[in-house]
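One structure is given below, encoded as structure tokens.
As the structure lists them, so they are numbered: ligands from 1, and atoms in each ligand from 1.
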Amino acid sequence: MVTPSQVYRSTRSDSTETRSFEEAVLQGLATDGGLFIPPTIPHVSAETLKQWSKLSFQDLAFEIMSLYIARDEIPSEDLKALVDRSYSTFRSKDVTPLVKNLTGSKENIHILELFHGPTYAFKDVALQFVGNLFEYFLQRFNQGKQDSEKKKLTVVGATSGDTGSAAIYGLRGKKDVSVFILYPTGRISPIQEEQMTTVPDKNVQTLSVNGTFDNCQDIVKAIFGDKDFNSGHHVGAVNSINWARILAQITYYFYSYFQVTDGKDEKVKFVVPSGNFGDILAGYFAKKMGLPIEKLVIATNENDILDRFLKSGTYERSDAVAATLSPAMDILISSNFERLLWFLARENLTANGSDDLKAGEIVNNWFHQLKTAGKFIVDPKIIAGASVDFASERVSNEETISTIKDIYQNSENPKKYILDPHTAVGVCATKRVIAKDSNDANLHYISLSTAHPAKFADAVNKALSEFEGYSFEKDVLPAELKKLSTLEKRLKFVEKPDIELVKNAIEEELVKMGL
Ligand SMILES: *Cc1c(COP(=O)(O)O)cnc(C)c1O
């Protein structure tokens, strides 16, 4: 049996066409350029919430995912095994542990640490699962087939440093999948390069391209657009628009909510350092499923398209990306925001059977305008709808640094807690929201921590090197990351940012990989 929340459609489609979970995951992006969504969000009763509050992270993930994946597509036993395997690589038994009352019990700030996966960043929570899922679907398809009939996936991506390693660690050692990550030579930090290039698995290849990040991204786009290359190698992506990533991230909203409220009737606001809107969108799903979240606060850096939209109703692309201290949030367009816009558009229509199709038409129009005019303007009712669930705050580089200093000096539990710059954007926003709220002792703030501070040494040292006794090596750098500098690096140097050189490099390596 398939329930309505286990069927997917495109945010830009005005047809009745739908996709299965497997199709939505393997396809990634819809052919009309839209993103896949389950148009029906399943509702969880208060009684079920109570039962869920006692579950482990893994069991909770299984329950949530089961609502969005038909049993016929992935049998329960298989889904359980996929979830368990995905989170067995985490260093914390809670997977996403919570640091309660960071600044004492007056402010009720709780830090949700999402960085205990293999690459020390929040994307692991989703990509460890997505990697296993890709392998599962491919293995099932390829079972019993001759090698020439097997489906093989070649994942190609570009990174400015932060996100490539999470993709590599999600896909390393997976059968019938290869992964190629392009990065600009000399323009990523040593730790980032070490994380990506010291992975020994045969199916992983980093390509150090003598050029800029934009060059790398353009080459990847051109490869996706290259029909011959694409059909020959089944080129795939693991970018943040894949539905399975959003799905995997819903779990920690429930899990941390249960830990903070502990069965009591208390209110919770989540504050989320946001770029492509994938992390906080999972919070929106949790809220719509019935988790009584008071508000979801979008924290942006100076790349503030979301903050401007919520305040003005105009979604407008800036001319250039600002290079900030929180680079994983440096974006022009928030790709996953389109999914929220679809739900807001539908909410704003009077209820009738064709609303899903009409919402698709509206979203399609908006994104057509964005493409042709660089912006679109929505009805004030759409903003009013968004404001029921969301608030937003924009945080500058100076505030990011002063927040890292402030928490280092004033945290109570534990003392001298060190924030990474992305998390600091969230904590700064949290403090502002607390100041705006009248001191309500029953109001809790869960501030999401998206990276370990060791990954962003420059910003952390900039904030803390003035303090006597502070040492990056001693206070920040985990032994496991320190060890990376002693391991052998595997990278292929591409001397010019040229698509033909990159394609040749990929084909050469695929032969060596036997793929
Ligand atoms: C990707 C990322 C973010 C932003 O998450 P979105 O889902 O793109 O909003 C924030 N912090 C870090 C460290 C990240 O890697």
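Here Glu194 does not pair with Lys483 in a salt bridge; the nearest charged N to carboxylate O distance is not below 4.0 Å. A salt bridge links Arg394 with Asp304: the distance from a Lys NZ or Arg NE/NH1/NH2 to an Asp or Glu carboxylate oxygen falls below 4.0 Å. Under the 4.0 Å criterion applied to side-chain N and carboxylate O atoms, Asp32 and Arg12 are not assigned as salt-bridge partners. Here Asp437 pairs with Lys269 in a salt bridge; the nearest charged N to carboxylate O distance falls below 4.0 Å.
At the top of the distance list for atom 12 (C) of ligand 1, counting protein heavy atoms only, stands Thr450 OG1, 3.4 Å. Looking only at heavy atoms of the protein, atom 5 (O) of ligand 1 is closest to Phe122 CE2, 3.5 Å. Protein heavy atom at the shortest distance from atom 4 (C) of ligand 1 is Gly275 N, 3.7 Å. Annotation: atom 1 (C) of ligand 1 to nearest protein heavy atom, Lys123 NZ, 1.4 Å. In terms of protein heavy-atom proximity, atom 6 (P) of ligand 1 is closest to Asn276 N, 3.5 Å.
At a 4.0 Å heavy-atom cut-off, ligand 1 touches Phe277 through the backbone alone.
The distance criterion of under 3.5 Å between nitrogen or oxygen atoms is not met by His422 with respect to ligand 1. The N/O atoms of Asp279, backbone and side chain alike, include one that comes under 3.5 Å of an N/O atom in ligand 1. Taking only nitrogen or oxygen atoms, main chain and side chain alike, Gly278 reaches within less than 3.5 Å of ligand 1.
Listed by number with element, the atoms of ligand 1 under 4.0 Å from a non-hydrogen atom of Ala451 are 13 (C).
Ring pair Tyr255/Trp52: centre-to-centre distance not below 6.0 Å.
Using bins of under 30°, 30° to 60° and over 60° for the plane-to-plane angle, the ring pair Phe376/Phe309 lands in the perpendicular bin.
Enclosure of atom NZ in Lys311 by more than 12 non-hydrogen atoms of other residues, nucleotides or ligands within 6.0 angstrom is indicated.
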